[in-house]
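Note that the structure is predicted; figures quoted are calculated from it, not measured. These numbers come from the heavy atoms of this one structure, side chains and all, not from hydrogens, waters or symmetry mates. The chains referred to below are lettered A, B, ... by the order of the sequence lines, with proteins before strands, and numbering in each begins at 1.
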Amino acid sequence: MSTRPIPTPALTKKDFVSDQEVRWCPGCGDYAILSQVQKVVPALGIPKEKFVFVSGIGCSSRFPYYMNAYGFHTIHGRAPTIATGIKIANPELSVWVVTGDGDALSIGGNHLIHALRRNMDIKILLFNNRIYGLTKGQYSPTSELGKRTKSTPMGSVDYPLHPLSIALASEATFVARAIDTETKHLAEVIERAARHKGSAFIEIFQNCNIFNDKAFDNFKARDVRANRIVRLEHEKQIRFGADGEKGFRINHCELEVVDVNDGIPESELIVHDEHSRAFVAYMLARMDYPDFPVAIGVLRDVTKPTYEALLDDQVMEARKMRKPDTLQALLESGETWKVG
Amino acid sequence: MGKTKTRKRPVETPKEIEGVVIRFAGDSGDGMQLTGTQFSSTSAIAGNDISTLPDFPAEIRAPAGSLPGVSAFQLNFSSVDIMTPGDEPDLLVAMNPAALMTNLPDLQPAGRVIINTDAFTAGNLKKAGYTENPLNDGTLGNYQVIELPITSLNAQALESVDLPKKQVSRSKNFWALGLLYWLFDRSLEPTLRWLEGKFAGNPILIEANSTALLAGHAYAEASEIFASSFKVREAAIEPGTYRKIAGNEAIAVGCVAASILAKRPLVYSSYPITPASEILHYLSHYRHMDIRTVQAEDEIAAMGIVIGASFAGKLAVTGTSGPGLALKAEAINLAVMTELPCVIINIQRAGPSTGLPTKTEQSDLLQALYGRNGESPVAVIAPATPAEGFDCAIEAFRIAVRHMIPVMLLSDGYLANGSEPWRLPDVSCLEPIEVRHPSSDDAEEFLPYARDEKTLARPWGIPGTAGLEHRIGGLEKDVLTGNVNYEPKNHQRMTDLRQEKLDRIADFYDPTEVDGEPEGELLVIGWGGTFGAIRTAARRARKEGLSVSHVHLRHLHPLPKDLGDIIGRFKKVLIPELNMGQLSIVLRARYLVDAVGLNKVEGQPFKVREVHAKMDEMLRSK
Ligand code: SF4
């Protein structure tokens with residue numbers, strides 16, 4: 001049997017712009033992310049009607065309204081569950097979850113973990129602005145300790161958690177990080193996630209210019225980023241600095257920043273391996289300014305069968321072993337007896 | 001004792017009786033549920049009408065011999081039409097002191113009790129709270145007592161079977177079952193057959209249990225401990241093919257049937273919870289029918305998965321019990337707002353909080369009707385008997401997809417675990433469930449919230465259909481486009497529409513059935529698993545000349561349109577419920593009727609006697 005792809009007219013960014021007026025605050029980092037997603041998805045070769053964008057609650061969760069695709073703006077924290085139901089029901093759909101730090105890591109933490117560990121083939125974009133925006137400025141589970149907000153006038157006493165640590169620990173098969181303002185890199189990472197078969201998780205540092213402005217500027221600002229951001233590239237040495245002079249060694253199970261100008265041989269610098277399941281990815285994920293530069297790019301990209309594929313396989317296998325029951329056979333599936 | 005008496009007794013014809021209520025009671029490890037189930041199946045196959053009431057502890061293995069560890073199974077089998085497992089047992093089998101302690105008070109005056117004396121050790125007596133041995137102190141004076149060392153008699157019979165002592169002891173329930181099979185003139189065949197299937201591949205266990213069964217039977221035959229055996233004739237039940245079915249199983253079969261009738265794959269997602277988990281277990285065996293069961297990470301996720309699957313065009317259903325329903329409330333509201341069809345099965349149990357997980361109650365009615373934020377109409381239906389779970393499951397899906405609305409199916413622990421003979425419906429009478437999805441050809445005029453004239457249902461446009469791309473969500477919708485709309489008038493309009501859409505479901509109901517005269521002194525209104533007790537009590541009262549009619553509501557939301565008129569034709573209204581008066585609140589508010597409640601929350605179903613006494617009291621106090 002030959003299956004020829006049905007030619008579809010090439011899609012463009014415009015095809016994914018909905019007629020809804022975008023209602024994020026002017027200057028919000030969400031705009032840049034929306035724009036990159038709208039740019040990436042037409043190029044994936046997937047018909048428009050197969051895209052479904054699912055979100056929870058929060059500023060970022062308005063996202064589906066602005067995508068001209070199927071969209072579901074659900075309830076707080078539960079987007080991964082609804083996305084899971086959609087994907088199980090129809091594995092042919094390209095299912096995306098758009099969420100924020102409060103939505104995914106606080107109220108919806110449990111669902112995030114389980115969607116990832118099942119390796120559902122869904123793409124999760126976590127807009128991390130380290131604040132609650134829609135409820136007007138309370139600290140979030142990724143806010144730094146001591147954060148002064150409306151609900152914590154003396155500073156928060158909660159330690160923050162690292163979204164990437166959670167994704168890695170949940171056995172997500174694709175884990176990456178990007179920054180709203182690094183648009184080209186962001187688009188690359190989104191495209192990689194989209195093409196990955198399995199659970200893909202991207203933490204996107206997103207500026208909330210109203211309630212947590214410049215939260216990431218201490219490492220992402222133009223004048224400092226060369227020394228404070230490190231881009232991960234598969235099978236390449238992990239290097240940063242104005243001339244790429246810096247890199248990492250593993251020293252006593254810890255990462256150590258080293259400078260080749262200090263006479264460290266280049267051969268000692270670690271090489272990034274996206275396919276590794278080792279702990280290095282955790283260490284890279286947890287690097288934070290000022291002790292370390294902040295890593296962006298793909299931390300892990302591994303493959304294993306997805307949940308929906310395993311479930312489909314069981315259905316196929318069961319069908320091979322047993323023909324579907326007729327209604328009559330179903331009714332008579334217990335022990336029956338006749339009267340009269 | 002017993003050992004020498006092996007001669008055959010002269011054949012006596014068994015004494016005919018109308019019906020019997022037996023209760024098997026023992027420790028959780030004594031296999032009483034199995035014994036009861038086997039006796040029920042055999043009786044059903046023999047043509048009796050049956051009704052069962054399993055009653056077991058929430059603990060998987062409570063300490064052996066303790067009071068909380070007692071597990072019991074009551075069975076009513078009869079030659080006439082019966083609707084309840086019986087008020088008080090005529091015969092109690094007590095496998096240990098704790099079982100005697102907890103169950104003796106329920107036994108009929110002068111009832112029969114068969115006791116496994118081997119279990120009446122000092123230690124067990126103490127665990128059961130007996131200071132004196134009840135076998136010697138007159139406790140049993142008013143009953144017909146048959147004392148048998150069942151454990152040792154069983155061990156003797158199994159001497160030649162190569163099994164460790166502990167294993168041998170585990171088949172003593174089959175010895176007791178064999179004894180009772182003789183007493184009630186039952187064939188051993190169905191159980192022997194069942195054992196072969198159950199332990200296929202483990203011949204030693206087939207041998208042990210079969211030997212125990214035969215030995216118990218032979219002992220009864222030879223020993224003259226019973227003056228005679230009894231015969232319960234076949235009940236004059238409608239001709240047809242029958243199957244014994246419990247409530248959860250009936251609902252599960254109904255879900256599969258709905259999938260066939262709708263020609264749509266089904267997704268069942270739930271989180272394990274007593275007493276609903278069996279539905280998940282059952283449906284997990286139907287992969288070959290394209291039924292996908294998903295054990296979710298929690299109750300909320302299960303509901304989320306159902307909503308997602310429904311959005312993508314599948315029949316979608318979740319099952320839970322009260323505490324789980326509370327967790328699902330927010331997500332159910334998302335289905336209300338997005339007007340997606342789905343079914344929520346709630347097997348009620350005694351609450352609040354964790355409550356009594358294995359005990360029955362009807363106290364989630366108000367939660368089902370109103371337990372969500374905002375104005376949140378969902379359809380609610382409830383089966384009256386275990387087998388009716390089948391019809392209700394199909395109807396729940398039919399309503400859900402026809403009206404694009406979540407439907408709550410309210411069963412309870414009593415129905416879930418109780419069983420009855422089910423006359424299999426004629427498949428040609430099961431109407432297909434019509435499912436319609438707009439196609440790309442409808443793209444021009446597609447509006448996600450345009451409504452069907454008759455039902456007010458919105459179109460079920462599903463992802464993957466080119467040209468129908470649209471967005472839905474939990475924010476208030478525009479009346480046609482479904483876009484977010486915060487306008488005051490639009491919210492009022494949408495609230496009214498959602499309610500009216502629900503109300504119109506009642507246009508499709510058959511007229512409400514009144515059992516008894518269409519008008520008179522007392523109307524008893526019930527719902528759910530109390531059906532058998534109420535109907536039996538009402539019929540008994542009518543036989544005694546009292547003017548009592550009975551309406552049993554399957555449709556709780558919306559209520560049938562003719563209910564108000566029916567209520568108006570009676571002087572008094574009684575509403576028995578296994579809660580503190582929830583349907584009463586609804587009907588009093590709706591019809592301004594001064595209804596009287598009969599309410600009980602003891603984790604046990606109504607006894608016929610209790611309902612009858614209330615009818616009697618209401619009609620005599622004029
Ligand atoms: S509050 Fe912050 S995150 Fe929300 S839209 Fe405004 S700028 Fe963006």
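Counting only distance, with no hydrogens or angles, the side chain of A:Lys87 and the backbone of A:Pro91 share a donor-acceptor pair below 3.5 Å. Distance alone, capped at 3.5 Å, places no donor-acceptor pair between the B:His285 side chain and the B:Leu283 backbone. A distance-only check finds a donor-acceptor pair linking the side chain of A:Thr74 to the backbone of A:Ser55 [under 3.5 Å]. A donor-acceptor pair under 3.5 Å links the side-chain atoms of A:Gln138 to the main chain of A:Thr135, judged by distance alone. One N or O on the side chain of B:Lys314 and one on the backbone of A:Ala89 form a donor-acceptor pair closer than 3.5 Å.
At a 4.5 Å heavy-atom cutoff, the contact between A:Arg78 and chain B is made by side-chain atoms alone. The parts of A:Val315 that come within reach of chain B are both its backbone and its side chain, each placing non-hydrogen atoms under 4.5 angstrom from that chain. Residue contact with chain A, scored on non-hydrogen atoms closer than 4.5 Å, involves the backbone and the side chain of B:Tyr242 alike. Of the two parts of B:Arg264, neither the backbone nor the side chain holds a non-hydrogen atom closer than 4.5 Å to a non-hydrogen atom of chain A. Both the backbone and the side chain of A:Ser333 come within contact range of chain B, each with at least one heavy atom under 4.5 Å from a heavy atom of that chain. For a residue to count as touching a neighbouring chain, one of its non-hydrogen atoms must lie under 4.5 Å from one of that chain's; by this rule A:Tyr307 touches chain B with the side chain only. For A:Lys320, no part lies near chain B; criterion is any non-hydrogen pair under 4.5 Å. Proximity to chain A is absent for every atom of B:Ala302, based on heavy atoms less than 4.5 angstrom apart. With a 4.5 angstrom heavy-atom cutoff, B:Leu340 touches chain A only via side-chain atoms. Proximity to chain B (any heavy atom under 4.5 Å) is shown, for A:Ile88, by both the backbone and the side chain. Contact of A:Met316 with chain B is not made at all, since no heavy-atom distance falls under 4.5 Å.
Between chain A and the residues B:Pro425, B:Pro265, B:Ser440, B:Gly308, the most heavy-atom pairs under 4.5 angstrom are made by B:Gly308. Among the candidates B:Gly464, B:Pro239, B:Gly474, the residue making the largest number of heavy-atom pairs closer than 4.5 Å to chain A is B:Gly464. Heavy-atom pairs under 4.5 Å with chain A were tallied for B:Ile260, B:Thr241, B:Ile472; the largest tally goes to B:Ile472. The most heavy-atom pairs under 4.5 Å with chain A, out of B:Gly473, B:Ala301, B:Pro463, B:Ser41, come from B:Pro463. Heavy-atom pairs under 4.5 Å with chain A were tallied for B:Ile300, B:Asp426, B:Val267; the largest tally goes to B:Ile300. The residue among B:Val306, B:Asn483, B:Val253 with the most heavy atom pairs within less than 4.5 Å of chain A is B:Asn483.
Salt bridge annotation for A:Glu92-A:Lys50: present, with a cationic side-chain nitrogen under 4.0 angstrom from a carboxylate oxygen. The residues A:Glu171 and A:Arg117 are annotated as not salt-bridged, no charged nitrogen and carboxylate oxygen being separated by less than 4.0 angstrom.
Of residues 290-297 of chain B, those residues with a non-hydrogen atom less than 4.5 Å from any non-hydrogen atom of chain A are, in numerical order, B:Asp290, B:Arg292, B:Thr293, B:Val294, B:Gln295, B:Ala296, B:Glu297.
The aromatic rings of A:Trp24 and A:Tyr66 sit perpendicular to each other, their planes meeting at more than 60°, with 30° as the lower class boundary.
For the pair B:Glu431 and B:Leu261, the minimum side-chain heavy-atom distance is 4.5 Å or more.
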Practice task
Test salt bridge (charged side-chain N to carboxylate O under 4.0 Å, His left out) on A:Asp121 and A:Lys123 and set out the steps.
Solution key: CA-CA 7 Å; A:Asp121 184 16; A:Lys123 316 297 148 204; 2.7 Å; yes

Practice task
Please step through salt bridge (charged side-chain N to carboxylate O under 4.0 Å, His left out) for the pair B:Glu249 and B:Arg243, ending with a clear verdict.
Solution key: CA-CA 11 Å; B:Glu249 193 184 0; B:Arg243 162 181 177 182; 3.0 Å; yes

Handout entry: Full working for ring-ring contact (aromatic ring centres under 6.0 Å, His included) between B:Phe77 and B:Phe39
Key = CA-CA 9 Å; B:Phe77 60 106; B:Phe39 202 109; 5.2 Å; yes

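With hydrogens and angles left out, the side-chain atoms of A:Thr306 and A:Asn119 include no donor and acceptor closer than 3.5 Å.
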